[in-house]
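Letters A, B, ... mirror the listed sequences (proteins, then strands); counts begin at 1.
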Amino acid sequence: MSVRVRFAPSPTGYLHIGSLRTALYNYLYAKHNGGTCILRVEDTDRTRLVEGAIEEQIESLRWAGIVFDEGPHIGGDFGPYIQSERFHLYNQYGMQLVESGHAYYAFDTSEELDAMRARQQAAGIAPKYDRSSMRNQYTIGDDETANLLAVNAPHVIRLKVPLQTDVHFHDDVRGDMVVGGREIDDQILVKSDGFPTYHLANVVDDHLMEITHVIRGEEWLPSTPKHILLYEAFGWKPPSFSHLPLLLNADRSKMSKRHGDVMVQDFRAKGYFPQALVNYVSLCGWNPGSDREIYSLSELVDVFTLERVNKAGAVFDYKKLDWMNGEYLKAMDPKDLAAELMPELSYAGYTYTEPSFVANVAELLRERVTFLKDIAVFGDYLFTDGIPALSELTEEASKPLGSSETLGLLRANDAFMTALRAFRADFNDDVANDHDGFKALAQASAEANGLKLGAFMKPLRLVLTHRDVGADLFRTVQLLGAKRCITRIDGFLS
RNA sequence: GCAGCGUUCGUCUAGGGGUUAGGACACCGCUCUUUCACAGCGGUAACACGGGUUCAAUUCCCGUACGCUGUACCA
């Protein structure tokens, strides 16, 4: 039987990085096995719906390179793929369970439920729906039940968990599991508003959509026995389950917004490459069994197996993600980098944006930044005619920056000023394009005034770029071109 | 509280009855160098604890501790 997996997000907000990892593993597993990857929207809770959330999540997934074979945005033979469009199905299956005795109506009010839990708490018992003490009805033919239903008394449908039997299931990540029936609560299947809960809708849809493998976060492990019970009640064959370890905050709690940016769009906005984010996240909770760490999406498809998924949660390491992003930055084709950089440059209003020039700049500067877009800031002096004024430089860009005070000190430094004039006198287009000639001129100018090469080059960089740091100065000069260099030197000397 | 799950360097992890317990990020040092980086080289750093099984346990078993998740008419 061919593999069919699903990623089933709830449209309650932006796509979480943990959800991206879950979607990724589903995708990798499906593609590794030549199977089908389905997107299904689980919007059974109408109170938590967020407008536009589905679209945002699909877009984030698309950005990450995860493509689905079936889903609300592409269709398929098992649709609709949005649960709110399938509500009629769940009611029908809920009724079926009541009729077969696997579920029952319960008419308790929330006050009664609260009181029950309070009693249990006081008695030190685990809170669980107590069928014997509550006002509920087990049989549909029952007179009182019929009367209550006739007057539209608010009610839910609950799963009738067999107390005496243990529920067994196998998890492909964690092995064989067994949970005693007495530990499982009589889960609400259909809410009093007539809408199904996740548990019912999820099982019904996984069955109807012929899902073979459920790959989801570890937070679902405790409710899996309920799902198994539902499959058994319906007489359906359950899929196999894999519960993924959680992505954690530095304090090892479930990764959440309180501790930093955790939405995929946050990472996107910061400038991470989707390939880097996907690559990094693939390694949180799984490993390929080798020391290699850089994998493209299709390479991940080739090597991904559920057997190599870990059991323990993984703390998300933003620093390692940064490193990985840098690896991608260094590996990419400068032409592509230039194309991606272009919007930043036009936004900043820069004039030197000829693609091959930008590609050269990107190739030169990418060694020293984490994000591509940093090049636009870090190398601002390359993209304009006028040298950016010290005061105009952003704080981010000015970390290793000289100050106007430094420039003043330079002007007071006779040895440097004389050397700079000597350098300026012989500097021309040829020098700007000849590494050895450039170095010889710089050296000669410096030494004639008793300066070491470094004591000349560093200030020269400051004069030309208004920065203390940057790429190799010769290559910088080459990219700047003789004309701009001369203008800047003259500007400083005048 | 109850239930389930988990526990190898700070972090991600490899490994697995006999290993100098390997790699990566981070950190530190050195080299390179006109700066900052990059790179190269080197370094600090881990099997939670206690019992058992065994000639031998970090690895298997049982406890304990700690952590996490769940315990909703949320998903």
Indicate, with a heavy-atom threshold strictly under 4.0 Å, whether [X] touches base, sugar-phosphate, or nothing.
X	result
A:Lys254	sugar-phosphate
A:Asn249	nothing
A:Arg117	sugar-phosphate
A:Leu473	base
A:Arg308	sugar-phosphate
A:Ala471	base
A:Asp185	nothing
A:Gly470	base
A:Met177	sugar-phosphate
A:Val156	base

In whole Å, what separates the [atom1] atom of [N] from that of [M]?
N	M	atom1	answer
B:A48	B:C66	P	16 Å
B:U7	B:C49	C1'	11 Å
B:A39	B:G1	P	49 Å
B:G18	B:G23	C1'	23 Å
B:C61	B:A57	P	16 Å
B:G29	B:U44	C1'	10 Å
B:U11	B:C27	C1'	12 Å
B:G17	B:C74	P	48 Å

Quickly work out the [X] [atom1] to [N] [atom2] distance and round it to whole Å.
X	N	atom1	atom2	value
A:Glu218	B:U7	CD	P	10 Å
A:Leu321	B:A26	CG	C1'	14 Å
A:Leu451	B:U34	CG	P	15 Å
A:Arg252	B:G67	CZ	P	12 Å
A:Phe241	B:G4	CZ	P	18 Å
A:Glu327	B:C25	CD	C1'	11 Å
A:Lys128	B:G70	NZ	C1'	15 Å
A:Lys330	B:C38	NZ	C1'	6 Å

Considering Watson-Crick and G-U wobble pairs with both distances under 3.5 Å, what does [N] pair with?
N	answer
B:A14	none
B:C9	none
B:C36	none
B:A56	none
B:C27	B:G43
B:G50	B:C62
B:A72	none

Could you work out which one of [options] sits closest to the side chain of [X]?
X	options	value
A:Arg461	B:G23, B:G70, B:U34	B:U34
A:Asp317	B:C73, B:U11, B:U34	B:U11
A:Glu367	B:U35, B:A37, B:C5	B:A37
A:Ile188	B:G22, B:C73, B:G15	B:C73
A:Leu246	B:U35, B:C68, B:C12	B:C68
A:Glu219	B:U69, B:A24, B:U7	B:U69
A:Arg48	B:C36, B:C12, B:C74	B:C74

Exercise. Hey, can you tell me if A:His227 and A:Tyr198 have their rings parallel, tilted or perpendicular (30° and 60° cut-offs)?
Key: tilted
Exercise. Mind telling me whether A:Trp220 and A:His199 have parallel, tilted or perpendicular rings, with 30° and 60° as the class edges?
Key: perpendicular
Exercise. Assess whether one donor atom and one acceptor atom, taken from the side chain of A:Lys320 and the base of B:A24, lie less than 3.5 Å apart.
Key: yes
Establish, with yes or no, whether the OP1 or OP2 oxygen of [N] is under 4.0 angstrom from a side-chain nitrogen or oxygen of [X].
X	N	value
A:Arg292	B:A14	no
A:Lys319	B:C12	no
A:Asn287	B:U13	no
A:Lys311	B:U8	no
A:Thr44	B:A75	yes

Practice problem: Flag yes if more than 12 heavy atoms outside A:Arg368 fall under 6.0 Å of its CZ atom; otherwise flag no. | Solution: yes
Quiz item: Mapping A:Trp286 and A:Pro154 to their closest nucleotides on RNA chain B, which lands nearer the 5' end?
Solution: A:Trp286
Practice problem: Report the residue (A:Asp472 or A:Asn310) whose heavy-atom-nearest nucleotide on RNA chain B is the more 5′ of the two. | Solution: A:Asn310
Exercise. May I ask you to check if A:Arg292 and A:Tyr295 form a cation-pi contact, with NZ or CZ under 6.0 angstrom from the six-membered ring centre and within 45° of the axis?
Key: yes
Quiz item: Would A:Arg21 count as a cation-pi partner of A:Tyr25, with NZ or CZ less than 6.0 Å from the six-membered ring centre and within 45° of the ring normal?
Solution: yes
Quiz prompt | Closest approach of A:Tyr328 to A:Gln275 (non-hydrogen atoms, all atoms of both residues) | solution = CE2-CB, 3.6 Å
Quiz item: Say you draw a straight line from OG1 of A:Thr465 to CG of A:Leu480; how long is it, rounded to the nearest 0.5 Å?
Solution: 8.5 Å
Is it true that [X] and [Y] make a salt bridge, defined as a side-chain N closer than 4.0 Å to a carboxylate O?
X	Y	answer
A:Asp434	A:Lys439	no
A:Glu183	A:Lys128	no
A:Asp206	A:Arg40	yes

